[in-house]
Peer 1: 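If you scroll down you'll find the structure; I have some questions about it.
These numbers come from the heavy atoms of this one structure, side chains and all, not from hydrogens, waters or symmetry mates.
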Amino acid sequence: MVELIILSSTLLLDIMKKVYRYLFPLLSLLPLISMEAQQYPTPFEVLDKARLKVEYHFEMKKKTLGRTVMPDTMVVLSGGRWQLSYMKSTYRADSVKNGTDGKTKVFDYFKRGMKAKDALLFLEPHTLPSYVYTDKREGEYIVIQNDYFFVPTLYREPIEEIVWKIRDYDSRVIAGHITYKAVCDFRGRRYEAWYTKEIPSNVGPWKFHGLPGLIIEIYDEDRDFVWTAYNVSLRGKEDRVCPIRWLQFSDKPFTEVSRRQLLKDYYDYLSGSPVSENRTIQQILKRGVRDHYRQKEPKTVTEPFLEVDFKDDGKADLSTTDHEISPSIDSLNVIPGKPSEKHLLVEYRYTHIKDTLDNSSYTPDFMLLQVSPEESVFFSYRTYIMKSRFGTSSGHKEWQSLFKRGMAKVNAGGSMKEFMNQLPRMGDTEIIIQEAGKEPMKVYDSVGKEQYVYRDKPELYWNLEDGSRKILGYTCFKATTIFRGRRWIAWYAPDIPQSLGPWKLSGLPGLICEAYDEKERYHYVITGLEQKAADLDYHILISEDAESVSRNKLINSKEVYANAGGELSLLGGANVSSNRPKSKELR
């Protein structure tokens, strides 16, 4: 009897070992099997009908083939239950790549882009490669991502309440809508948003929501990411229906992970961390969705991440930009003042190329055109802020302190270019004053620390041409002119009955909303328009000791100063580029 019991126990143990040997691999696959069983909509299934469609112009700081800013268009579709946000470049790339001869077409576009040195020709997501679904009924985001690991990944997360601080005392006109300011902290970044009460929808681009009106513009404080609405469509019952579809292009199964895990693993993959320790990659390999991943060389990740809360401290250092020197002056473009039908305040974003062989090397500035019954004045808001903030003796000491801290970092091995880009500095130094009904205009400008003044009477002969486009919500028409050696293209809005524009450009039957020279060395585009009497005294920009000089002599002096290194020469050992473009006025 004892021997029988022992034999039975031995046999039972042997059976258990065999069961364990064959069953354990199946048990280990249970989470994956469960994941495979997750029910998703069928590819391109219609989930909802959009009641609201918004198209946003989007810009992201991204270094690709000489560019530092990549443009794109975000489409937002909002229905009763579902909302979808996606980038047009992502949709285009996924639809072509997964179609007939997709790989061949992608490679053909790649060759074209490399030959033209234009990353926008590449058939790939240019900015944010994801489809963000908001399921309002279930209270969750569902995000499809096809680009990070070259296979479809997906994550779900509850809709996070965004705590907004309303600043209704600040207002701007954007895309033809009166907007109000709100600020928030979200996923490791601070944002400024501008929403309109004219469209009572709590919708915004991407994952932004919760304001008492549609978000027209939003950007983080570093302006790594900027959304600006340019087309808003509200659809009634009789309007053509715009479907919200489940955009599943690939026939490969989704790999579902958490948001933070996906972002962390992608960051680790880009930075060259071991592939063998990457949880998302190992999950993809185990499921057989992909058979291998090449190990990347260790490097510093320089492209910004939209969400930076995936690290333990929630403050991932994902950019080479050093923000300790000073907050960005560029973001201070809310102009104080009072509404006034007799006044007009126009804001332009001004960029000009610093190196003709490097289109990424440009200087951004914000220019203001103040129009009153007495005069119009055009000047740089950056320069105004610099004068008002650092023009006093205490302000000068503050600037010197910032300069010394920045130079200490340069001496410790930091980048001089990075230091100069972040150091608060003057913008454009021209101040152009045109008294109503009087000619010529008065132009102030500086060479180094010395200010000069001259009288000017520009003569512009415009050719009105075919072509129209929407800018800031206004229908604009094309015109061209040859002015002092350069061919200029302008887009003017007849609905704004002001024969004015940026810089010295004027004389069209409507306000000039955008203007650039033929080679796009110099570019102005309107970013704001308000009927407001601004609380700005531009006289702080003008020196009582400004010396009278001829226009040609001043232009020549500025050329000589720039060729000698300009403000960089004050630091010693300035590396002056011989590819610097000529002045806006060639003669």
Peer 1: With distance as the sole criterion, is a donor-acceptor pair present between the side chains of Glu514 and His523 under 3.5 Å?
Peer 2: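 A donor-acceptor contact under 3.5 Å links the two side chains.
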
Peer 1: What's the verdict on side chain to side chain donor-acceptor pair (under 3.5 Å) for Trp206 and Tyr141, showing C-alpha distance, side-chain angles and the deciding distance?
Peer 2: CA-CA 10 Å; Trp206 188 54; Tyr141 296 119; over 6 Å; no

Peer 1: Among Tyr148, Tyr155, Phe150, which residue satisfies the ring-ring contact (aromatic ring centres under 6.0 Å, His included) criterion with Tyr266?
Peer 2: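 One option only clears the test, and that one is Tyr148.
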
Peer 1: Counting distance only, does the side-chain N/O of Tyr384 pair as donor-acceptor with the main-chain N or O of Asp537 below 3.5 Å?
Peer 2: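 Checking the backbone N and O of Asp537 against the side chain of Tyr384, a donor-acceptor pair under 3.5 Å is found.
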
Peer 1: Does any non-hydrogen side-chain atom of Leu128 lie less than 4.5 Å from one of Thr90?
Peer 2: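 Not touching, per the 4.5 Å side-chain cut-off.
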
Peer 1: With under 30° as parallel and over 60° as perpendicular, where do the rings of Phe58 and Trp227 fit, or are they tilted in between?
Peer 2: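 Answer is tilted, since the angle falls between 30° and 60°.
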
Peer 1: Between Lys207 and Glu157 (salt bridge meaning N to carboxylate O under 4.0 Å), is one present in this structure?
Peer 2: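 Salt bridge present between Lys207 and Glu157.
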
Peer 1: Assess whether side chain to side chain donor-acceptor pair (under 3.5 Å) is satisfied between Tyr191 and Trp164, documenting all intermediate values.
Peer 2: CA-CA 10 Å; Tyr191 292 92; Trp164 294 99; over 6 Å; no

Peer 1: For atom NZ of Lys49, is the number of surrounding heavy atoms from other residues, nucleotides or ligands below 6.0 Å larger than 12?
Peer 2: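 Open: at most 12 neighbouring heavy atoms sit under 6.0 Å from NZ of Lys49.
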
Peer 1: For Gln83 and Gly204, work out which heavy atoms get closest and say how close.
Peer 2: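 Heavy-atom minimum between the residues: NE2-O, 3.4 Å.
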
Peer 1: So, Glu192 and Arg172, do they make that salt bridge, N to O below 4.0 Å?
Peer 2: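 No, Glu192 and Arg172 are not salt-bridged.
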
Peer 1: Taking the six-membered ring of Tyr180, is NZ or CZ of Lys197 closer than 6.0 Å to its centre and within 45° of its axis?
Peer 2: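 Verdict for Tyr180: a cation-pi partner in Lys197.
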
Peer 1: Got a second to check how far Leu211's CG is from Ile218's CD1, nearest 0.5 Å?
Peer 2: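 It is 7.5 Å, given to the nearest 0.5 Å.
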
Peer 1: So, Asp48 side chain and Gly80 main chain: donor-acceptor pair closer than 3.5 Å or not?
Peer 2: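 Yes, Asp48 side chain to Gly80 backbone: donor-acceptor pair under 3.5 Å.
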
Peer 1: Hey, are Glu55 and Lys88 close enough for a salt bridge, meaning a charged N less than 4.0 Å from a carboxylate O?
Peer 2: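 Yes, charged N to carboxylate O under 4.0 Å.
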
Peer 1: Under the criterion side chain to side chain donor-acceptor pair (under 3.5 Å), I'd like the reasoning laid out for Lys136 against Ser78: C-alpha separation, chi angles, the key distance, then a yes or no.
Peer 2: CA-CA 10 Å; Lys136 303 171 187 177; Ser78 182; 3.0 Å; yes

Peer 1: Any side-chain heavy-atom pair from Arg245 and Leu77 closer than 4.5 angstrom?
Peer 2: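 Arg245 vs Leu77: side chains apart.
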
Peer 1: Would you name the heavy atoms of Pro205 and Val76 that are closest together and state the gap between them?
Peer 2: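 Looking at all heavy atoms of both residues, the shortest contact is CA-CG2, 3.8 Å.
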
Peer 1: Salt-bridge test for Asp220 and Arg187: reply yes if a basic N is under 4.0 Å from a carboxylate O, no otherwise.
Peer 2: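 Salt bridge: no.
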
Peer 1: For Tyr522 together with Trp503, are the ring centres under 6.0 Å from each other?
Peer 2: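 Judged by ring-centre distance (under 6.0 Å), Trp503 and Tyr522 do not meet the cut-off.
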
Peer 1: Between Gly501 and Leu369, which heavy-atom pair has the shortest distance, and what is it?
Peer 2: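 Heavy atoms only, the tightest pair is O-CD2, 3.8 Å.
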
Peer 1: Taking the inter-plane angle between the rings of Tyr267 and Phe305 on a 0 to 90° scale, is it parallel (under 30°), tilted (30 to 60°) or perpendicular (over 60°)?
Peer 2: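 Perpendicular.
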
Peer 1: Hey, what do you get for CG (Leu247) to OG (Ser130), rounding to the nearest 0.5 Å?
Peer 2: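 Rounded to the nearest 0.5 Å, the CG-OG separation comes to 11.5 Å.
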
Peer 1: Counting only heavy atoms not in Ile178 (residues, nucleotides, ligands), do more than 12 fall under 6.0 Å from its CD1?
Peer 2: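 Open.
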
Peer 1: What closest approach, in Å, do Ile244 and Gly79 show between heavy atoms, and which atom pair accounts for it?
Peer 2: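 Closest approach of Ile244 to Gly79: CD1-N, 3.7 Å.
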
Peer 1: Using a 4.5 Å cut-off on heavy atoms from C-beta on, say whether the side chain of Leu511 contacts that of Ile526.
Peer 2: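 Touching, per the 4.5 Å side-chain cut-off.
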
Peer 1: Search all heavy atoms of Pro125 against all heavy atoms of Lys62 and return the closest pair with its distance.
Peer 2: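 Looking at all heavy atoms of both residues, the closest pair is O-NZ, 3.9 Å.
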
Peer 1: Of all the heavy-atom pairs spanning Ala229 and Ala175, show the shortest one and how long it is.
Peer 2: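 Closest approach of Ala229 to Ala175: O-CB, 3.4 Å.
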
Peer 1: Take atom NZ of Lys519 as the centre, draw a 6.0 Å sphere, and report whether it contains more than 12 heavy atoms from other residues, nucleotides or ligands.
Peer 2: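 No, not enclosed.
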
Peer 1: Do the charged groups of Asp224 and Arg189 touch, with an N to O distance under 4.0 Å?
Peer 2: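 Yes.
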
Peer 1: Taking the six-membered ring for Trp and the full ring for Phe, Tyr or His, determine whether the centres of Phe249 and Tyr91 are under 6.0 Å apart.
Peer 2: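 Yes; Tyr91 has its ring centre under 6.0 Å from that of Phe249.
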
Peer 1: Are Leu508 and Phe477 packed together at the side-chain level, in the sense that at least one heavy-atom pair is separated by less than 4.5 angstrom?
Peer 2: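 Leu508 vs Phe477: side chains apart.
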
Peer 1: Hey, is NZ on Lys504 packed in by over 12 heavy atoms from elsewhere, all under 6.0 Å?
Peer 2: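 Yes, NZ of Lys504 has more than 12 neighbouring heavy atoms, counting only those of other groups under 6.0 Å.
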
Peer 1: Assess whether a salt bridge exists between Glu221 and Arg190, defined as any Lys/Arg side-chain N lying under 4.0 Å from an Asp/Glu carboxylate O.
Peer 2: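 Judged by the 4.0 Å cut-off on N to carboxylate O distance, Glu221 and Arg190 do not form a salt bridge.
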
Peer 1: Under the 3.5 angstrom rule, does the side chain of Glu303 hit a backbone N or O of Lys63 as a donor-acceptor pair?
Peer 2: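 Such a contact is found between Glu303 side chain and Lys63 backbone.
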
Peer 1: Name the residue from Trp491, Phe366, Tyr350 that meets the ring-ring contact (aromatic ring centres under 6.0 Å, His included) definition with Tyr524.
Peer 2: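 Of the listed options, the one satisfying the test is Tyr350.
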
Peer 1: Taking atom types as modelled, find out whether Gln145 and Thr153 have a side-chain donor-acceptor pair closer than 3.5 angstrom.
Peer 2: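 Side-chain D/A pair, Gln145 to Thr153: absent.
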
Peer 1: Measure the shortest side-chain to side-chain distance between Ile471 and Arg469 over non-hydrogen atoms and say whether it is less than 4.5 angstrom.
Peer 2: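 Ile471 reaches Arg469 side chain to side chain.
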
Peer 1: Evaluate the side-chain contact (heavy atoms from CB on, under 4.5 Å) criterion for residues Glu138 and Arg156: first the C-alpha distance (whole Å), next the side-chain angles of each, then the deciding distance (0.1 Å), finally the verdict.
Peer 2: CA-CA 11 Å; Glu138 299 298 326; Arg156 303 168 182 266; over 6 Å; no

Peer 1: Hey, what do you get for CD (Glu161) to NE2 (His209), rounding to the nearest 0.5 Å?
Peer 2: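 Answer for the CD-NE2 pair, Glu161 versus His209, is 7.0 Å.
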
Peer 1: Quick one: which of Arg92, Met60, His126, Met74 gives a side-chain contact (heavy atoms from CB on, under 4.5 Å) with Met87?
Peer 2: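 Per the side-chain contact (heavy atoms from CB on, under 4.5 Å) rule, the option paired with Met87 is Met74, out of Arg92, Met60, His126, Met74.
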
